[in-house]
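Report on one structure; see the data block that follows.
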Amino acid sequence: MIKEIIRQNIAETLQTLELSQDREYTVEVPNNPDFGDFSTNAAMVLAKENKMAPKALAEALIKGLKKNKFYKKLEIAGPGFINFHLSPSLFQNMLWYIHEQGAQYAASDMGKGEKILLEFVSANPTGPLNIVSARAAAFGDTLYRVMKYVGFDPAREFYINDAGNQVDILAESLELRLRELHGERIGEFPFEAYHGEYVKHLAQRLNALEGVKVFMMTEKDRMDHLKEFALSELLEMQRLSLEKFDVVFDGWVSEKTLRAEGVVEEVLSYLTEANCTYEKEDAIWFRSTDYGDDKDRVLMKSDGSITYFVPDLAYHLTKIQRGYTSLIDIFGPDHHGYVPRLKAAFKALKYDDEMLEIIYLQQVNLFESGERVKMSKRAGKIVTMDDLVNEVGKDAARYFFLARKASAHLNFDLELALQQNNENPVYYCQYAHARICSIVKKAKKDRILPKTYKKELIQKLNKPEELALIRKMTDLPGLLEMVALHREPHRLATYAEELCSLFHRYYNKFQVVNPRSKDLSKARLLLIDTVRMSLALVLDLMGISAPEKM
RNA sequence: GCGCCAGUAGCUCAGUAGGAUAGAGCAGCAGCCUUCUAAGCUGCGGGUCAGGGGUUCGAAUCCCUUCUGGCGUGCCA
């Protein structure tokens, strides 16, 4: 907010001075407080094109900028930085603005309504969701919330791989468990089959519903039936897991449905028309190496079935047809070999492959008592998303998943997530919120809390700690734009901690509610209630609750 | 072998997209509750930003290279 004001002010001043400003300069917060509240490198960056010495340019700029009453002091420093020392009245007015705007104060129209499709989780519907899916869910959902807040028109989609090899294996696994249930000896459970306990539960459930009816069908009917049953059950299970995590999707797109609609054939014909397919060893290949992939890819296998790639490409094309101009896929750590062929297909079909953006989430390691929790998918020994959420709760889980940037491996400390003290950042932030609520309640009881605040109160707020809190709040709009633009939700966590730290410090140093000085109390109530609103907003964007009492 | 990601304090990680003296939490030590929630606060140490080169007024940040770790490299999805 303030940054933009300063930037605009500089631009106007440069214009009045008839100086060129073609190069990008920065306005930022210096890490040394002696250098003021903000500083700019404009004079240094623009010196060359204006054929002036940086310091001379800086001096001219300062002279022009001095007309603004919000600047307490302007100075040249170092090789030509201009340091801005702002007057308290600027911060006070900002507080009033934020108070008036409420929870919309940090919103913007930066996104200009651009239609963005966020695809995430998209797990195989062959088992419970794992913790990487949970990370993807938290990440994708929060990115969605922030993008929407800053003016994009985003949508969340889940692509269901309910056709193909893996679901066949699922049906076979279920059949084996079913036979087992009926006392048949099935020998050793096949290596590639699904070993998880949930398959046994599915078998029990189906058996309770239908008994031996299943075995009276023809083999093909039975497999279709088992497939359908398992898919609908597991999909519902996944949907519930996500719902418990406060993640809902705007669309669930089924691969099976896409295939039934004939889009697979369509994509194959597009690629053939584009002259980039060939036949080899009874299979049809896509010459993706022409478009930057490291090897050609099979589209249709020698047994006549289609690879995963084709319907997935078709799905991506439907996104474009539906008017999305930016397609963001959030993938797990094991998919980066897959992306070049998708991009290659975009290029082959004359779509701009820049539209397609892939975010890779790195893996999640669980730690308990300092030990890494070992998981084995084959033995069916995995910690699921539900296990995790049940153990540490939605708030802690979402917080921890969001606290690290996507490209970093995430070490999830289960004990830390459960701790209820200052070591646990989730509680640290929620506690700040509850604490403010408690103060407000106390003020109400003491009959100090006003129904509406009077603007004159802001003049009472001039302690450095108070101005620091206001300034932190003014950082939020810019931060949210940054989060959306660079797809970095983890910054919300850092921000929340910083804001809370400032508040806790303030709380320990100053008394907010003091019956002997009512106006000061009211002014401080205005301040902390605005902080509360600001914090609640950030927590809401993260999908974390803001409790009024703890 | 090739490709992608990462390497910052003892540990877990930030670092406002190239800025001035690199930050926080934890762990360690010493303090703060008859006053609005001590799930909090204050103070003290701690660094070859993996190593080396380059780009420029200026590099943890950009480029090249080496090392270390993770992942990928199916007619699986």
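All chains are named by letter (A, B, ...) in the order of the sequence lines, taking the proteins before the strands, and each is independently numbered beginning at 1.
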Note to self: Is A/Arg404 close enough to B/C13 that one of its side-chain N or O atoms is under 4.0 Å from OP1 or OP2 there?
What the structure shows: yes

Note to self: Rounded to whole Å, how long is the line connecting atom CG of A/Leu492 with atom C1' of B/U16?
What the structure shows: 14 Å

Margin query: Quick check for you: among B/U16, B/C36, B/G7, whose closest atom lies nearest to any side-chain atom of A/Lys405?
Written below: B/G7

Margin query: With a 3.5 Å limit on both atom pairs, tell me what B/G46 is paired to, counting Watson-Crick and G-U wobble, or say none.
Written below: none

Note to self: Using a 4.0 Å heavy-atom cut-off, does A/Ala434 contact any base of the nucleic acid, only the sugar-phosphate backbone, or nothing at all?
What the structure shows: base

Margin query: Less than 4.0 angstrom from a charged side-chain N to a carboxylate O is my criterion; do A/Lys319 and A/Glu157 meet it?
Written below: no

Item checked: Integer-rounded Å distance: B/U16 P and A/Arg471 CZ -> 15 Å

Next item on the list: Give the rounded distance in Å between these two atoms: NE2 of A/His504 and P of B/A24.
Entry: 17 Å

Next item on the list: Write down the distance separating the P atoms in B/C63 and B/G18, rounded off to the nearest Å.
Entry: 11 Å

Note to self: With a 3.5 Å limit on both atom pairs, tell me what B/C4 is paired to, counting Watson-Crick and G-U wobble, or say none.
What the structure shows: B/G70

Margin query: Check for me whether A/Arg7 meets the cation-pi criterion with A/Tyr25, that is, NZ or CZ under 6.0 Å from the six-membered ring centre and within 45 degrees of the ring axis.
Written below: yes

Check: Would a distance-only check, ignoring hydrogens and angles, find a side-chain to backbone donor-acceptor pair under 3.5 Å from A/Thr384 to A/Leu129?
Finding: no

Margin query: Would you measure the distance from the P atom in B/A9 across to the matching atom in B/A24 and give it in whole Å?
Written below: 15 Å

Notebook entry, point to check: Going by ring centres under 5.5 Å and near-parallel planes (under 30°), is A/Tyr428 stacked on B/A39?
Noted result: no

Check: Is the glycosidic angle of B/A39 within 90° of 0, making it syn, or outside that range, making it anti?
Finding: anti

Margin query: What is the distance, to the nearest angstrom, from the CD atom on A/Glu415 to the P atom on B/A39?
Written below: 20 Å

Note to self: Just to be sure I understand the rule, does A/Ser438 reach a base, reach only the sugar-phosphate, or reach nothing, if contact means heavy atoms closer than 4.0 Å?
What the structure shows: base

Check: What is the per-nucleotide protein-contact pattern of nucleotides 71-77 of chain B, from the 5' end, where B denotes a base atom under 4.0 Å from a protein heavy atom, S denotes such proximity for sugar-phosphate atoms only, and - denotes neither?
Finding: BSSSBSB

Note to self: Assess, by modelled atom type and distance only, whether the side chains of A/Asp329 and A/His316 contain a donor and an acceptor separated by less than 3.5 Å.
What the structure shows: yes

Next item on the list: Determine the Euclidean distance between corresponding P atoms of B/A17 and B/U61; express it in Å to zero decimal places.
Entry: 15 Å

Item checked: Whole-Å P distance, B/A50 and B/G15 -> 15 Å

Next item on the list: Return the orientation label for the A/Phe286 and A/Tyr291 ring planes: parallel under 30°, perpendicular over 60°, tilted otherwise.
Entry: parallel

Next item on the list: Quick one: list whatever passes ring pair (Phe, Tyr, Trp, His ring centres under 6.0 Å) with A/Phe367, sequence neighbours left out.
Entry: none

Margin query: I'd like to know if A/Asn411 reaches the base of B/U12 with its side chain such that a donor and an acceptor end up less than 3.5 angstrom apart.
Written below: no

Item checked: Positions of residues 506-518 of chain A (non-hydrogen atom under 4.0 Å from RNA chain B), listed by number -> A/Tyr507, A/Asn508, A/Phe510, A/Gln511, A/Val512, A/Val513

Notebook entry, point to check: For A/Asp34 and A/Cys437, take the nucleotide of RNA chain B holding the closest heavy atom to each; which residue's nucleotide lies nearer the 5' end?
Noted result: A/Asp34

Notebook entry, point to check: What is the nucleic acid contact for A/His490, judged by heavy atoms within less than 4.0 Å: base, sugar-phosphate only, or nothing?
Noted result: sugar-phosphate

Margin query: What I want to check is whether an N or O donor and acceptor connect the side chain of A/Glu488 with the base of B/A17 at under 3.5 Å.
Written below: yes

Note to self: Please pick, from B/A38, B/U16, B/A20, the nucleotide with the shortest atom-to-atom distance to any side-chain atom of A/Tyr431.
What the structure shows: B/A38

Using a 3.5 Å cut-off and no angle test, enumerate the donor-acceptor pairs between side-chain atoms of residues 499-506 of chain A and protein atoms at least two apart in sequence or in another chain.
| residue | atom | partner | partner atom | Å |
| --- | --- | --- | --- | --- |
| A/Ser501 | OG | A/Arg505 | NH1 | 3.2 |
| A/His504 | ND1 | A/Arg435 | NH1 | 3.0 |
| A/His504 | NE2 | A/Tyr428 | O | 3.2 |
| A/Tyr506 | OH | A/Glu466 | OE2 | 2.6 |
| A/Tyr506 | OH | A/Arg524 | NE | 3.2 |

Next item on the list: Using the P atom on both, measure B/C2 against B/C64 and round to a whole Å.
Entry: 15 Å

Note to self: I want to verify a distance call: between B/G15, B/A17, B/A20, whose nearest atom is closest to the A/Glu28 side chain?
What the structure shows: B/A17

Note to self: Tell me if a side-chain donor or acceptor on A/Glu4 pairs with a main-chain N or O of A/Met1 at a distance below 3.5 Å.
What the structure shows: yes

Next item on the list: Assign A/Ser39 to base, sugar-phosphate, or nothing according to its heavy-atom contacts below 4.0 angstrom with the strands shown.
Entry: base

Next item on the list: Could you please name the partner base of B/U55, counting Watson-Crick and G-U wobble pairs only when both distances are under 3.5 Å?
Entry: none

Notebook entry, point to check: Does B/A60 pair with anything, Watson-Crick or G-U wobble, both distances under 3.5 Å, and if so, with which nucleotide?
Noted result: none

Notebook entry, point to check: With rounding to whole Å, what would you report as the distance between B/A20 and B/C4 at their C1' atoms?
Noted result: 35 Å

Item checked: Inter-nucleotide P distance (B/G45, B/G7), Å rounded -> 28 Å

Checklist line | Length of the CD1-P vector between A/Ile76 and B/G19, whole Å | finding: 21 Å

Note to self: I'd like to know if A/Ser501 reaches the base of B/A24 with its side chain such that a donor and an acceptor end up less than 3.5 angstrom apart.
What the structure shows: no

Note to self: I need the CD1-P distance between A/Ile359 and B/A6, as an integer number of Å.
What the structure shows: 13 Å

Next item on the list: Quickly work out the A/Tyr399 OH to B/A39 P distance and round it to whole Å.
Entry: 19 Å

Next item on the list: Anything under 30° is parallel, anything over 60° is perpendicular, the rest tilted; go ahead and classify A/Trp285 against A/Tyr278.
Entry: parallel

Next item on the list: Look at the side-chain N and O atoms of A/Arg491 and state whether any lies under 4.0 Å from the OP1 or OP2 oxygen of B/A14.
Entry: no

Checklist line | Atom pair distance, as rounded to whole Å: CG in A/Asp475 and P in B/G15 | finding: 14 Å

Notebook entry, point to check: Looking at B/A20, does its base get a donor-acceptor pair with the side chain of A/Asn83 below 3.5 Å?
Noted result: yes

Check: What salt bridge (charged side-chain N to carboxylate O under 4.0 Å, His left out) pairs are there with at least one residue in residues 393-404 of chain A, not counting sequence neighbours?
Finding: A/Asp141-A/Arg398, A/Asp246-A/Lys394

Item checked: B/A24: pairing nucleotide in any strand, Watson-Crick or G-U under 3.5 angstrom -> B/U12

Margin query: Donor-acceptor check, side chain of A/Tyr105 to backbone of A/Met473, threshold 3.5 angstrom: yes or no?
Written below: yes

Next item on the list: Evaluate the ring planes of A/Tyr159 and A/Tyr315, with Trp represented by its six-membered ring, and classify them as parallel (under 30°), tilted (30 to 60°) or perpendicular (over 60°).
Entry: parallel

Next item on the list: Would you please name every residue forming a ring pair (Phe, Tyr, Trp, His ring centres under 6.0 Å) with A/Phe401, sequence neighbours left out?
Entry: A/Phe412

Margin query: Quick check, does A/Phe81 stack with B/G19? I mean ring centres under 5.5 Å and planes off by under 30°.
Written below: no

Item checked: Spacing of the C1' atoms in B/G46 and B/C11 (rounded, Å) -> 13 Å

Checklist line | Syn/anti label of B/C33 as read from its glycosidic torsion, with the cut at 90° from 0 | finding: syn

Notebook entry, point to check: A/Ala77 has a side chain; which of B/A17, B/U42, B/A20 sits nearest to it?
Noted result: B/A20

